[in-house]
Number of protein chains: 2
Amino acid sequence: MSTALSASAAKGRTLNKRRDRRDEYRIGDIARLTGLSADTLRYYEQIKLLPAVNRTASGIRVYTGKDISRLNFIQRAQKMNFSLAEIGELLKMREDPRRARDEVRRLTAAKLSEVEARLNDLNILRKELRLLLNLCKASDDGCPIIEGIDRKVGEKTRQRRRVKAQR
Amino acid sequence: MSTALSASAAKGRTLNKRRDRRDEYRIGDIARLTGLSADTLRYYEQIKLLPAVNRTASGIRVYTGKDISRLNFIQRAQKMNFSLAEIGELLKMREDPRRARDEVRRLTAAKLSEVEARLNDLNILRKELRLLLNLCKASDDGCPIIEGIDRKVGEKTRQRRRVKAQR
DNA sequence: GTTCACCCTGGAGCCAGCTCCAGGTCAAGC
DNA sequence: GCTTGACCTGGAGCTGGCTCCAGGGTGAAC
């Protein structure tokens, strides 16, 4: 990552002028612009997440601004926990949003409930971990954390629980 | 899963009396008791998560209550987001908790911050997904969700945002 | 005409945590 | 003695999302 950055800094925008002006980029340029590796870009094409990228006569991939826009979309959707398969769906819909609204909404709503379920689990988990850590600070024999996992966090430990506000 | 349940219901506790009274179980019994598959149990042994299980003269695994206790520990720790590798560590410490307290605490604290970081991400994500869905209900052309992902949720959509309380 | 960075392909490998399979053994009941 | 079901082993396969590699082509600069 820092390698990628310093490489691009050192060699500068070798996005050569011709390609640069014509809104044409080679895979290395795109890698630098998006932070994705060239391997990943070829992989995305291979799994059809990107439509077949244009090629020069000699077979070198030539990306355009449109591809960059798709890639940015992919990266954002990925941050939103969409899988590549789901992103594929979203990209198709992106080509024709009007027709696809309900479907997009469904996907998004499903993703939202997934996220909420996960949040729920993690909140419970956090509470348990905090409890265990607090017990640990207060106890001076045995290991309340191990015991806590053994007996499912507060089954017997409960009465000693008023120990350090639980933040 | 329902198969496993109905199978155990149908054939009953064929945990035969001998083994039953002696606190000895075969792999199928343990599978029924823990909900783990026999394959998984063998796998845990193979990766040394369980110490080598006792065998009959003919090579059949014979589990004891101690193994069940370990497996319960594993399942609980797994629910607490510990990886099998981490659980391996915890199990070692469980054998000698006094000596291991600091290490256990370290592991737990690390796990807690992992969980908190993840919670943070997911909270942001939830906010964005909710915003997108609300926009979607309010708009009647285009697809605000797609556009939202395109422009990183609320970069331009912000002024139309007073749309249905955001719960 | 050689060097060099960059690009190409197909295919293997990696991570975790299983899951499945073929081919064989064991033990209890009829 | 035969059937049946549970068990054994080693090893392959799966999911998702890459990552790496060998072996070879391209094209601009010196």
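Just so it is clear: chains get the letters A, B, ... in the order the sequence lines come, proteins before strands, and each one is counted from 1.
Here the straight-line distance linking atom CZ of B:Phe82 with atom CG of A:Leu125 works out to 8.0 Å at 0.5 Å rounding.
For the residue pair B:Ser69 and B:Arg94, the shortest heavy atom distance occurs at OG-NH2, 2.6 Å.
For the pair A:Arg26 CZ and C:dC6 C1', the interatomic distance rounds to 6 Å; values are reported in whole Å. Rounded to whole angstrom, the span from the CD atom of B:Gln46 across to the P atom of C:dC18 amounts to 13 Å. Counting to the nearest Å, the C1' atom of D:dC8 and the OH atom of B:Tyr63 are 12 Å from each other. Rounded to an integer number of Å, the gap from CD1 of A:Ile60 to C1' of D:dG25 is 8 Å. The distance between atom CZ of A:Arg61 and atom C1' of C:dC6, rounded to the nearest whole Å, is 13 Å. Counting to the nearest Å, the C1' atom of D:dG5 and the CD1 atom of B:Ile27 are 15 Å from each other. The separation between B:Arg42 atom CZ and D:dA6 atom P is 13 Å, rounded to whole Å. As rounded to whole Å, 14 Å separates atom C1' of D:dT15 from atom CD of A:Glu86.
Of the two residues near DNA chain D, A:Ser83 and A:Asp39, the one whose nearest nucleotide lies more 5' is A:Ser83. Toward the 5′ end of DNA chain C lies the nearest nucleotide of B:Ala85, the other residue of the pair B:Thr56 and B:Ala85 mapping further downstream.
Contact annotation: A:Ser58 side-chain N/O to D:dG27 OP1/OP2 distance is under 4.0 Å. The phosphate of D:dC18 (OP1 or OP2) has a side-chain N or O of A:Gln78 nearer than 4.0 angstrom. Between D:dT26 and A:Arg55, no contact under 4.0 Å exists linking OP1 or OP2 to a side-chain N or O. OP1 and OP2 of C:dA16 both lie 4.0 Å or more from every side-chain N or O belonging to B:Tyr43. For D:dT19, one of the phosphate oxygens OP1 or OP2 lies less than 4.0 angstrom from a side-chain nitrogen or oxygen of A:Thr40.
B:Leu71 is not listed as a side-chain neighbour of B:Ile68, based on a closest heavy-atom distance of 4.5 Å or more.
Side chain of B:Gln75 to main chain of B:Thr34: a donor-acceptor pair is present (N/O by atom type, distance under 3.5 Å, no hydrogens or angles).
Nearest to the side-chain atoms of A:Leu84 among the listed nucleotides D:dC18, D:dC20, C:dC18 stands D:dC18.
A salt bridge between B:Glu45 and B:Arg42 is absent, with no side-chain N of the basic residue lying under 4.0 Å from a carboxylate O of the acidic one.
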